[in-house]
Amino acid sequence: MRRPTFLIVLSFLVATILPSCSGETVTSKYIDNQTDRDIGFVFYRYGYAQGDTLTVQAGSRKRISQSTRDKGEEIAPPCAEFIDSAAVSIEGGGTLSNNIAQEKYWTVETEQVRNMPPEYNHTCTYIIKQVNIIP
């Protein structure tokens, strides 16, 4: 009789502990274009372009990437991670005063979706305002 009770308790512990060891972290990156001009980006990593021009329409927000990690992490990974540089084209001309490859120009919001196993959603946003466009 003691053996079935032991197996039930052991099974419960394994079922409780194993899921808590995993979890998930989802990181989404957005560009929020709060200007009155369309802005195009070509991202570079290790000196190579990472795809075609991504155009963010005036007054809109666009997701540029989403990644998932198998471990629930409360601290967001660097938002500018994997962006070494970017070629930027602004409708009507000009340049940006804030460099998308620099972490200080990104904002991060973190939401804990679940406690066990830990699951987090991180939303990184690169905001462009009219004042950031240098003629």
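Quick note: residue numbers are just sequence positions, from 1.
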Requested in this report: Applying salt bridge (Lys or Arg N to Asp or Glu O under 4.0 Å), name anything that partners Arg114, two or more places apart in sequence or on another chain.
Outcome: Glu119
Report task. List in chain and number order the residues that pass salt bridge (Lys or Arg N to Asp or Glu O under 4.0 Å) with Glu81, two or more places apart in sequence or in another chain; answer none if no residue qualifies. Result -> Arg69
Report task. State which residues pass side chain to side chain donor-acceptor pair (under 3.5 Å) with Arg63; sequence neighbours excluded, sorted by chain then number. Result -> Gln66
Query raised in the report: With sequence neighbours left out, what residues match Thr35 under side chain to side chain donor-acceptor pair (under 3.5 Å)?
Result: Asn33
Requested in this report: Sort and list the pairs that fulfil ring pair (Phe, Tyr, Trp, His ring centres under 6.0 Å) and have at least one residue in residues 69-100, not counting sequence neighbours.
Outcome: none
Query raised in the report: Do the non-hydrogen side-chain atoms of Arg37 and Gln130 ever get within less than 4.5 Å of each other?
Result: yes
Requested in this report: Would you check if Thr125 and Arg61 make a side-chain contact, meaning some heavy-atom pair closer than 4.5 Å?
Outcome: yes
Give, for atom [atom1] of [X] and atom [atom2] of [Y], the distance between the pair rounded to the nearest 0.5 Å.
{"X": "Lys29", "Y": "Cys124", "atom1": "NZ", "atom2": "SG", "answer": "6.0 Å"}
{"X": "Glu103", "Y": "Ile83", "atom1": "CD", "atom2": "CD1", "answer": "9.0 Å"}
{"X": "Glu91", "Y": "Ile133", "atom1": "CD", "atom2": "CD1", "answer": "9.5 Å"}

Query raised in the report: Is Ile75 atom CD1 crowded by more than 12 heavy atoms from other residues, nucleotides or ligands, each under 6.0 Å away?
Result: no
Query raised in the report: For the hydrophobic clusters of this structure (ILVMFWY residues joined by side-chain heavy atoms under 4.5 Å, transitively), does one cluster hold both Ile39 and Tyr30?
Result: no
Requested in this report: Identify whether Ile31 and Val88 are in the same connected component of the hydrophobic contact network (ILVMFWY, side-chain heavy atoms under 4.5 Å).
Outcome: yes
Report summary line: All heavy atoms of Lys62 vs all of Thr55, minimum pair found to be NZ-O, 2.9 Å
Requested in this report: Work out which heavy atom in His122 is nearest to a heavy atom in Pro77; give both atom names and the distance.
Outcome: CD2-CD, 4.1 Å
Report summary line: For Ala58, the side-chain contact (heavy atoms from CB on, under 4.5 Å) test, sequence neighbours excluded, returns Asp38
Query - Contacts of Glu74 that satisfy side-chain contact (heavy atoms from CB on, under 4.5 Å) - sequence neighbours left out - result: Tyr120
Query raised in the report: With ILVMFWY side chains joined below 4.5 Å, transitively, what does Val26's cluster contain besides itself?
Result: none
Query raised in the report: Which residues, ordered by chain and number, are linked to Val113 in its hydrophobic cluster, where ILVMFWY side chains connect at heavy-atom gaps below 4.5 Å, directly or through other members?
Result: none
Query raised in the report: What pairs with Phe41 under ring-ring contact (aromatic ring centres under 6.0 Å, His included), at least two apart in sequence or on another chain?
Result: Phe43
Name the atoms and distances for all side-chain donor-acceptor pairs under 3.5 Å in residues 94-101, with sequence neighbours left out.
unit_1 : atom_1 : unit_2 : atom_2 : d
Ser97  : OG     : Asn132 : O      : 3.3
Ser97  : OG     : Asn132 : ND2    : 3.4
Asn98  : OD1    : Tyr126 : OH     : 3.2
Asn98  : ND2    : Ile127 : O      : 3.3
Asn99  : OD1    : Ala101 : N      : 2.9

Just distance, no hydrogens or angles: give the donor-acceptor pairs under 3.5 Å from side chains in residues 45-54, sequence neighbours left out.
unit_1 : atom_1 : unit_2 : atom_2 : d
Gln50  : NE2    : Tyr48  : O      : 3.0

